[in-house]
Amino acid sequence: MSGLNVLLKRIPYKFKTPSLLDSRAFIGGRWTPAASGATFPVYDPEDNQVAYKIANISRAEVKTAIGAAQTASKQYKQLTHRNRKNLLRKWTNLIKGNRDDLAAICTLELGKPITESYTTVDYGISFLEWFDGEIERLYGETIPAARGSNRIMTSREPQGVVAAVTPWNSPVAMILRKVGAAISAGNAVVLKPAPETPMCAIAIAKLFEQVDYPEGTLNIVTGDAAASVDIGDEMCHNPAVRHLSFTGSTSVGKLLNTECAKHLKKTSMELGGNAPFIVFEDANIQKAVDGLIACKFRSSGQTCVCANRAFVHHSIIDEFAERLQTTVDGLFKYGSVWDPDVNFGPLYSPRGVEKAMSHQEDAGGFIKEDLGPNFYVPTILTGGPSQEMRSWTQETFGPVMHLTPFETEEEVIKLANTKESGLASYFYTEDISRVWRVSEALETGMVGVRTGLVSACEQPFGGIKESGIGREGSKFGVEDYTNIKSITVGL
């Protein structure tokens, strides 16, 4: 089923291209319902009503999709880099031309305010534009040989079939960041979108279908939480899949990585964070306040690089907390997510609300029930959590921010670094020596110095320790989907 008849509820938006809406999976260049006829519901977070029902496919159908991708990859890798570039540019232009509808789908599925949905669509487009330039920069090298009679050169080749699993919290951007890089490098992709946001992936595939890629170059396999287990297992164990890229929780990432290791598959894992945000005594307080708001409260606090633990020097914590609360009170406008003036929306589901409440501990919950069941007001708590509390060791993934005082640089570095996580960290100081000292001391893959935003298409995105393997975006994000072949020639 496709078009407006897919929608099961009324929304205050008129789609310009209704055919982008579809309830079916995309396998081998064809739109297909689940063989069993099974579907699963997708909910609108603004009111928890069913927005539409999507094909709930089986493991056998995932296997078919992988087979289609394998066939397509053999044809696609024969294209020149210039041909790949031209195809990617056509797809990018189609996505730009359907920006309004893609943003509307993101708002419907995720509850993002429409203005924020435009931001995530534009962020996704920026990756495709960046990868467009990187396609023809996938150079090989010549290497001086120790034996004078030999010549050594390298080339970068596609890996074949890439399986990609994307999260719900920024669906358009995360899909384009993974799929765009893999396809730019010459691979075919089987994409499993999050059960909460499958229509973003479907709409993107509808536009992909309009470009002359070989059939099967991109496949969309959809399933609910239960089906996701079988889908993931097939991706891990099917020998045709040579690379599994996953963004999600650390626990699931560990499981997938363990299963892929049984076949020595390459993996890239963008996993959970527990980002520290440090404000030193010499910081510009208002800039630090603005940075924390940008870092913590965008997407209602539902990003993996959100500040999760804020440390503020004891000498300025009272002023910082007052300014933070005042700025938050004056900044956010609440209401219908379809209102372009609204800039703060609900959490993605009741599960998100439950977790935010649990991390707020004894302070209680702050739900604006007049706006909907999942609308959690930004909450700032002073005193900080104890190291035994869940909000210290787990990602909150919601708009709850504890402020913890500290006294010395050495103390806060020890507090900030954890044994497990190492995705992003942030700090504010005006001391140039401290900039380098602390940047080097923080054990994370990304550090934001006097900025609360560390994500950009040209920047390597990823973590260390249990926060991830590999990098996304930048030139490294494309290179990650290639194999290096060395060729030695005897004279």
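What you see is a predicted model; the values in this text were computed from it and never measured.
Every pair passing salt bridge (charged side-chain N to carboxylate O under 4.0 Å, His left out) that includes a residue from residues 149-163 is listed here, sequence neighbours excluded: Arg156-Glu479, Glu157-Lys485. Applying the salt bridge (charged side-chain N to carboxylate O under 4.0 Å, His left out) test to every pair with at least one member in residues 235-252, sequence neighbours left out, gives no pairs at all. For residues 42-54, every residue pair satisfying the side chain to side chain donor-acceptor pair (under 3.5 Å) rule, not counting sequence neighbours, is listed here: Lys9-Asp44, Lys9-Asp47, Asn48-Asn374, Tyr52-Glu109.
Taking the side chain as every heavy atom from C-beta outward, Tyr118 and Asp100 approach each other to under 4.5 Å. The shortest distance between side-chain heavy atoms of Pro399 and Leu347 falls below 4.5 Å. For the pair Lys287 and Arg450, the minimum side-chain heavy-atom distance is 4.5 Å or more. Side-chain contact check for Arg99 versus Lys96: every heavy-atom pair is 4.5 Å or farther apart. Counting only heavy atoms from C-beta outward, the side chains of Glu472 and Phe127 never approach each other to under 4.5 Å. Phe461 has its side chain within reach of Cys304: a pair of non-hydrogen atoms, C-beta onward, lies under 4.5 Å apart. Pro346 is not listed as a side-chain neighbour of Ser300, based on a closest heavy-atom distance of 4.5 Å or more. For the pair Ile66/Val241, a side-chain contact is recorded, criterion being any heavy-atom separation below 4.5 Å from C-beta on.
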Just list the side-chain donor-acceptor pairs under 3.5 Å for residues 140-148, sequence neighbours left out, or say none.
none

Side-chain donor-acceptor pairs under 3.5 Å in residues 192-204, sequence neighbours left out?
residue : atom : partner : partner atom : Å
Lys192  : NZ   : Ser228  : OG           : 3.1
Glu196  : OE2  : Arg351  : NH2          : 3.1

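Side-chain N/O atoms of Glu116 and Thr119 include no donor and acceptor closer than 3.5 Å. Side-chain contact check for Tyr76 and Asn187: no donor-acceptor pair (N or O, by modelled atom type) lies under 3.5 Å. In this structure, a donor-acceptor pair under 3.5 Å is absent between the side chains of Thr418 and Asn274.
Note: Tyr213 and Trp91 have perpendicular aromatic rings, judged against thresholds of 30 and 60 degrees for the angle between ring planes. The aromatic rings of His237 and His263 stand perpendicular to each other, their planes meeting at an angle above 60°, with 30° marking the opposite boundary.
When atom types are taken as modelled, the side chain of Asp22 and the backbone of Gly3 share no donor-acceptor pair closer than 3.5 angstrom. At least one donor-acceptor pair under 3.5 Å links the side chain of Asn343 to the backbone N or O of Lys333. Not one N or O on the side chain of Lys77 forms a donor-acceptor pair closer than 3.5 Å with the backbone of Gly186. A donor-acceptor distance shorter than 3.5 angstrom exists from the side chain of Arg30 to the backbone of Gly28, with no hydrogens or angles considered. Distance alone, capped at 3.5 Å, places no donor-acceptor pair between the Lys296 side chain and the Gly452 backbone. Between the side chain of Gln75 and the backbone N or O of Ala72, no donor-acceptor pair lies under 3.5 Å. The backbone N or O of Lys112 lies less than 3.5 Å from a partner atom in the side chain of Thr107, making a donor-acceptor pair.
Here Cys306 contributes atom SG and Phe297 contributes atom CZ; the two are 9.0 Å apart, rounded to the nearest 0.5 Å. For the atom pair CG (Asp101) and CG (Leu21), the distance works out to 7.5 Å, reported to the nearest 0.5 Å. Note: Leu128 CG to Ile95 CD1 = 5.0 Å, rounded to the nearest 0.5 Å. To the nearest 0.5 Å, the span separating OG1 on Thr32 from CD1 on Ile220 amounts to 13.5 Å. For the atom pair OG1 (Thr303) and CZ (Arg298), the distance works out to 4.5 Å, reported to the nearest 0.5 Å. Separating the CG atom in Leu423 from the CG atom in Leu271 is a distance of 8.5 Å, to the nearest 0.5 Å.
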Practice task
In sequence, state the C-alpha distance, the side-chain angles, and the governing distance for Phe40 and Thr222, and then conclude on side-chain contact (heavy atoms from CB on, under 4.5 Å).
Solution key: CA-CA 9 Å; Phe40 67 95; Thr222 53; 4.3 Å; yes

Practice task
Could you please spell out the steps behind the side-chain contact (heavy atoms from CB on, under 4.5 Å) verdict for Asp480 and His243?
Solution key: CA-CA 10 Å; Asp480 209 36; His243 184 150; 4.0 Å; yes

Exercise for the section: Using the side-chain contact (heavy atoms from CB on, under 4.5 Å) rule, take Ser421 and Glu395 through it: C-alpha gap first, then chi angles, then the decisive distance, then the call. Expected result: CA-CA 10 Å; Ser421 61; Glu395 285 185 288; over 6 Å; no

Problem - Residues Thr267, Leu256; criterion side-chain contact (heavy atoms from CB on, under 4.5 Å); working and verdict - result: CA-CA 9 Å; Thr267 61; Leu256 294 174; over 6 Å; no

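Annotation for Phe131 and Leu176: closest pair CE1-O, 3.9 Å, computed over non-hydrogen atoms. For the residue pair Leu453 and Tyr426, the shortest heavy atom distance occurs at N-CE2, 4.4 Å. Closest approach of Gly272 and Ser467 over heavy atoms only: O-OG, 2.7 Å. Nearest approach of Tyr428 to Phe277, heavy atoms of both residues: CE1-CZ, 3.4 Å. Taking both residues in full, the closest heavy atoms of Asn169 and Ser299 are given as O-OG, 3.8 Å, listed atom of the first, atom of the second, then distance. Nearest heavy atoms, Cys260 versus Leu244: SG-CD2, 3.5 Å.
Thr166 pairs by the side chain to side chain donor-acceptor pair (under 3.5 Å) definition with nothing, not counting sequence neighbours. For Ser425, the side chain to side chain contact (heavy atoms under 4.5 Å, CB included) partners at least two apart in sequence or on another chain are Pro276, Leu442, Thr444, Val447. For Thr217, the side chain to side chain donor-acceptor pair (under 3.5 Å) test picks out no residue, with sequence neighbours left out. Here Asp132 pairs with Lys85, Leu88, Arg89 under the side chain to side chain contact (heavy atoms under 4.5 Å, CB included) rule; sequence neighbours left out. By the side chain to side chain donor-acceptor pair (under 3.5 Å) test, Lys90 is found to be paired with no residue, residues two or more places apart in sequence or in another chain being considered. Residues passing the side chain to side chain donor-acceptor pair (under 3.5 Å) test with Ser149, sequence neighbours excluded: none. Remark: His81 engages Arg84, Ile135, Glu136, Leu138 in a side chain to side chain contact (heavy atoms under 4.5 Å, CB included) (not counting sequence neighbours).
Heavy-atom neighbours of Lys475 NZ from other residues, nucleotides or ligands within 6.0 Å: at or below the threshold of 12.
Remark: Glu209 does not engage Lys206 in a salt bridge, criterion side-chain N to carboxylate O under 4.0 Å. Using a 4.0 Å cut-off between a side-chain N of Lys or Arg and a carboxylate O of Asp or Glu, Glu234 and Lys63 do not qualify as a salt bridge.
Evaluated for a side-chain hydrogen bond (donor to acceptor under 3.5 Å, both in side chains) with Ser245, the options Glu270, Lys178, Arg177 yield exactly one hit, Lys178.
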